[in-house]
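This report refers to the structure that appears directly beneath it.
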There are 2 protein chains.
Amino acid sequence: MTRRTPRPRERGIPEATVARLPVYLRALQALNDQGTPTVSSEDLAATTGVNSAKLRKDLSHLGSYGTRGVGYDVDYLIYQVSRELGLTQDWSVAIIGIGNLGRALANYGGFGSRGFRIAALLDADSSIVGDKVAGLPVRHIEILEEVVGVEDVSIGVIATPAAAAQTVCDRLVGCGVTSVLNFAPVVLNVPAAVDVRKVDLSIELQILAFHEQRKSDGHGASEWFGMPGSLRDAGTSDLSG
Amino acid sequence: MTRRTPRPRERGIPEATVARLPVYLRALQALNDQGTPTVSSEDLAATTGVNSAKLRKDLSHLGSYGTRGVGYDVDYLIYQVSRELGLTQDWSVAIIGIGNLGRALANYGGFGSRGFRIAALLDADSSIVGDKVAGLPVRHIEILEEVVGVEDVSIGVIATPAAAAQTVCDRLVGCGVTSVLNFAPVVLNVPAAVDVRKVDLSIELQILAFHEQRKSDGHGASEWFGMPGSLRDAGTSDLSG
DNA sequence: CCCGCTTTGTGCTCACTTTCACAAGGGCGT
DNA sequence: ACGCCCTTGTGAAAGTGAGCACAAAGCGGG
């Protein structure tokens with residue numbers, strides 16, 4: 001079974017490209033806010049820190065929305081990228097675990113510039129259930145299944161302690177959630193049909209430490225040539241705001 | 001100038017491998033805590049959610065620390081991975097921007113299981129300067145340069161609003177910081193010698209939305225073959241704890 | 001001391017990404 | 001109406017990563 005995809009891709013966009021589209025989108029919105037009508041791949045690439053050829057190839061996966069000799073129409077491109085990312089519809093998000101991090105996430109302004117709606121805040125600690133966080137009441141995790149059903153939650157954000165993460169995840173998956181953003185430092189076990197992305201501070205720090213060590217490590221200079229660029233766009237997620 | 005690296009890699013470990021080492025390390029420490037003396041690549045791979053061949057290849061970059069027919073000595077491997085990641089020395093971390101997120105980060109227990117020390121908490125808001133967060137006093141961002149010098153900060157964590165991020169980053173870089181972890185939703189501009197990793201909630205959500213859309217999108221099934229697995233290990237960072 | 005079982009380390013192949021380089025195309029000035 | 005200049009879209013090459021499959025190598029039992 002499993003016919004190995006014969007053609008390069010069946011109307012699919014490369015994962016690497018998908019990860020960059022949100023970055024382009026943010027830059028485009030900034031351009032739009034300041035009234036810029038069109039932008040060239042060169043300029044947009046510069047502000048987003050990527051190679052212009054890569055940017056053009058990324059955008060070419062969405063279609064031919066540029067005008068040779070001119071560039072891209074900012075408005076139109078925003079629409080196309082948004083549509084491709086699925087931001088033309090609203091997604092309900094539930095945050096589970098309202099500790100320091102959960103609060104930070106709940107208060108995250110704009111929440112990805114429209115497209116996402118915080119549908120519920122859940123926690124196991126009865127002493128904070130009922131509190132208002134970012135204008136929303138914290139509800140008891142006991143009613144997770146009910147809330148997911150009623151609010152039609154499609155993305156679950158896990159901000160619980162590591163020990164509770166897998167259980168929470170199982171319950172989310174159990175009631176039909178197929179996208180999970182995990183902030184707990186554990187590897188979640190899920191069925192293949194469920195997408196999990198993880199955000200882990202300690203891993204990021206350790207990766208930085210590795211490179212930092214390399215810098216001082218051996219000596220002072222040399223060997224600095226072989227390693228082009230920085231990790232500029234190595235990281236993935238993004239929070240504050 | 002810039003001689004294009006002629007050989008594949010100069011005593012270097014692939015970036016993809018570096019990103020996974022912290023995951024292995026965490027699993028190894030869990031094994032160690034429960035008294036397991038040795039582990040096979042198969043088992044360790046299972047708990048970290050990777051292919052066992054990939055795990056072995058990753059570890060082989062550090063040297064030959066396994067024993068055929070037996071597996072890897074947990075203690076020894078923890079040491080080797082830690083050393084490779086530069087965790088055998090302590091790194092001073094400064095967190096700039098003590099809002100919801102900054103607080104969450106400061107309170108992040110264990111802080112990556114040793115190796116990292118929070119050296120300073122800085123904020124521009126005078127009304128919170130002097131407050132104690134996670135046992136540390138919040139200091140004014142005005143003295144950033146002084147603090148970085150005195151505390152020998154090597155990693156800066158930016159948790160400020162987007163508008164302040166670039167300025168803060170410039171100041172950090174200006175006083176010698178060469179590793180930055182950025183939580184603000186902006187692309188930071190830095191010299192090539194500086195490593196920046198970014199963590200961005202809205203980007204993660206947008207990536208999930210893209211895939212979520214794909215699931216419901218076209219229809220019910222089919223086209224599910226060409227796209228194997230999930231994004232299991234697509235994400236990068238990790239916070240809560 | 002030898003044999004067979006288990007698990008590592010790795011050569012090789014295939015897939016995915018990035019980047020270069022350039023032909024094709026569109027607008028604008030003359 | 002023509003031609004120049006600019007920018008896109010993309011073929012091809014090079015670099016990076018994933019995973020199979022297997023030979024090499026310890027360990028323990030007989």
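Letters A, B, ... are given to chains in the order of the sequence lines, protein chains preceding strands, and every chain is numbered from 1. Scope of the values below: all heavy atoms of this structure, side chains included, with no hydrogens, waters or symmetry mates.
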Winner on side-chain proximity to S40(A), out of dG9(C), dT7(D), dA18(D), is dT7(D)

Does S64(A) make a side-chain N or O approach to OP1 or OP2 of dG9(D) shorter than 4.0 Å?
yes

For dG26(C) and Y72(A) - does any side-chain N or O of the residue sit under 4.0 Å from the phosphate oxygens OP1/OP2?
no

Provide the closest heavy-atom pair for V153(B) versus V93(B) in the form atom of the first, atom of the second, distance.
CG1-C, 4.5 Å

Taking all non-hydrogen atoms of both residues into account, name the closest pair between A19(A) and I207(B) and its distance.
CA-CD1, 3.8 Å

Separation of [X] atom [atom1] from [N] atom [atom2], in whole Å?
X	N	atom1	atom2	answer
L62(B)	dT10(C)	CG	P	12 Å
Y65(A)	dG9(D)	OH	P	11 Å
L44(B)	dT7(C)	CG	C1'	14 Å
Y24(A)	dT8(D)	OH	P	13 Å
H61(A)	dT17(C)	NE2	P	9 Å
L55(A)	dG9(D)	CG	C1'	12 Å
E15(B)	dT17(C)	CD	P	16 Å
E42(A)	dT19(C)	CD	P	13 Å

Please encode protein proximity along nucleotides 19-27 of chain D as a string of B, S and -, counting only heavy-atom distances under 4.0 Å.
BBB--BBBS

For R68(A), salt bridge (Lys or Arg N to Asp or Glu O under 4.0 Å) partners two or more places apart
none

Rounded to the nearest 0.5 Å, how far does CG of D73(A) lie from OH of Y65(A)?
12.5 Å

Between CG on residue L188(B) and CZ on residue R197(B), distance to nearest 0.5 Å:
13.5 Å

Between G71(A) and D58(B), who's closer to the 5' end of DNA chain D by nearest nucleotide?
G71(A)

Contacts satisfying salt bridge (Lys or Arg N to Asp or Glu O under 4.0 Å) that involve residues 172-185 of chain B (not counting sequence neighbours) are none

Pair R20(A)-D58(A), salt bridge (Lys or Arg N to Asp or Glu O under 4.0 Å): steps then yes or no:
CA-CA 8 Å; R20(A) 283 186 295 266; D58(A) 282 344; 2.6 Å; yes

